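What follows is one structure encoded as structure tokens, with my remarks underneath.
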Amino acid sequence: GAVVSQHPSRVICKSGTSVKIECRSLDFQATTMFWYRQFPKQSLMLMATSNEGSKATYEQGVEKDKFLINHASLTLSTLTVTSAHPEDSSFYICSAREAGAGTGELFFGEGSRLTVL
Amino acid sequence: GENVEQHPSTLSVQEGDSAVIKCTYSDSASNYFPWYKQELGKRPQLIIDIRSNVGEKKDQRIAVTLNKTAKHFSLHITETQPEDSAVYFCAASSSGNTPLVFGKGTRLSVIA
């Protein structure tokens, strides 16, 4: 199946700093990528939909100025957590479908575990 | 928007028994229903999916059924093994490049 790569897998940062997470589709093009957040023992909650060449669409309750999303190419989307606080500590997972695949399988990155001290 | 409910939240079965997890969805436009298995600290892994044009799909010990009228779908695992222990998530999405909406998950424990 298609491969989605996500980096870093783990990051520890101090409160107030910014952290960037990269999501790459390695063997297919993705006009749209999805960013999910998963707190311990909870489900995956959609944060935003990342659209190549345009602004991301954020879910209700997700601050667009805090979670900056850039989707500058058909294979790369980045999520930057700005001014991170301990409550932002979570497992962040990106996902993507191959462009033009319609309602097809969603491929997930490995996930990034963020710990804010 | 879509809302997916999943039950039970936890499930313990004896090795060799069957496990059934049920989900309901709210959006009649949804037409794609995957099931994911997630082990601790890992990404979700697709184990089986079904589209709205079929009522049942089977892959070895795993099967999924879909009732479009009632808007519910179920995961059936037969002859469970300890390695089946994990958290299972159902999800739903509609046509086009829409995101998956996940259920809250079921923690399955298979007791040897």
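A quick note: this is a predicted structure, and the numbers were derived from the prediction, not measured.
Contacts between B:Leu46 and chain A at a heavy-atom distance below 4.5 Å involve the side chain alone, from C-beta outward. Interface remark: A:Glu110 contributes backbone and side-chain atoms alike to the contact with chain B (heavy atom separation under 4.5 Å). If you measure heavy-atom distances from B:Gln38 to chain A, the contacts under 4.5 Å come from the side chain alone. Looking at A:Leu46, only its side chain comes within 4.5 Å of chain B, counting heavy atoms on both sides.
Judged purely by atom type and a 3.5 angstrom limit, A:Arg97 uses its side chain to pair as donor or acceptor with the backbone of B:Thr98.
Taking every heavy atom of both residues into account, B:Phe89 and A:Gln38 meet most closely at CZ-NE2, 3.6 Å. Closest non-hydrogen pair, A:Phe91 versus B:Lys42, comes out as CE2-O, 3.8 Å.
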Check the pair A:Tyr36 / B:Leu100 against side chain to side chain contact (heavy atoms under 4.5 Å, CB included), numbers first and verdict last.
CA-CA 10 Å; A:Tyr36 290 84; B:Leu100 287 173; 3.6 Å; yes
CA sep, side-chain torsions, deciding dist, call: B:Tyr32, A:Leu106, side chain to side chain contact (heavy atoms under 4.5 Å, CB included)
CA-CA 11 Å; B:Tyr32 177 62; A:Leu106 199 64; 5.9 Å; no
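Counting heavy atoms from C-beta outward, B:Pro44 and A:Ile93 have side chains that approach closer than 4.5 Å.
At most 12 non-hydrogen atoms from other residues, nucleotides or ligands lie less than 6.0 angstrom from CD of B:Gln60. For B:Lys22, the NZ atom sits in a loose shell: 12 or fewer heavy atoms of surrounding residues, nucleotides or ligands are nearer than 6.0 Å. More than 12 heavy atoms of other residues, nucleotides or ligands shown are found within 6.0 angstrom of CG on A:Leu117. More than 12 heavy atoms of other residues, nucleotides or ligands sit less than 6.0 Å from atom CZ of B:Arg61. Residue B:Gln81 places its CD atom among more than 12 non-hydrogen atoms of other residues, nucleotides or ligands, all under 6.0 Å distant.
Considering only heavy-atom pairs separated by less than 4.5 Å from chain A, the leading option among B:Gly105, B:Pro99, B:Pro34, B:Gly103 is B:Pro99. Of the listed residues (A:Thr31, A:Thr49, A:Leu44), the greatest number of heavy-atom pairs within a distance under 4.5 Å of chain B belongs to A:Leu44.
Transitive grouping of hydrophobic side chains (ILVMFWY, heavy atoms separated by less than 4.5 Å) keeps B:Val101 and A:Met45 in distinct clusters. In the hydrophobic cluster analysis, where Ile, Leu, Val, Met, Phe, Trp and Tyr join through side-chain heavy atoms closer than 4.5 angstrom, A:Leu79 is grouped together with A:Val116. The cluster map of Ile, Leu, Val, Met, Phe, Trp and Tyr, joined by side-chain heavy atoms under 4.5 Å apart, puts A:Leu76 and A:Leu26 in different clusters. B:Leu75 and B:Val110 fall within the same hydrophobic cluster, defined by Ile, Leu, Val, Met, Phe, Trp and Tyr side-chain heavy atoms under 4.5 Å apart, directly or through other members.
Taking NZ of A:Lys41 as the reference point, atom NZ of B:Lys104 lies at 16.0 Å (rounded to 0.5 Å). How far OG of A:Ser9 is from CZ of B:Arg43: 11.0 Å, rounded to the nearest 0.5 Å.
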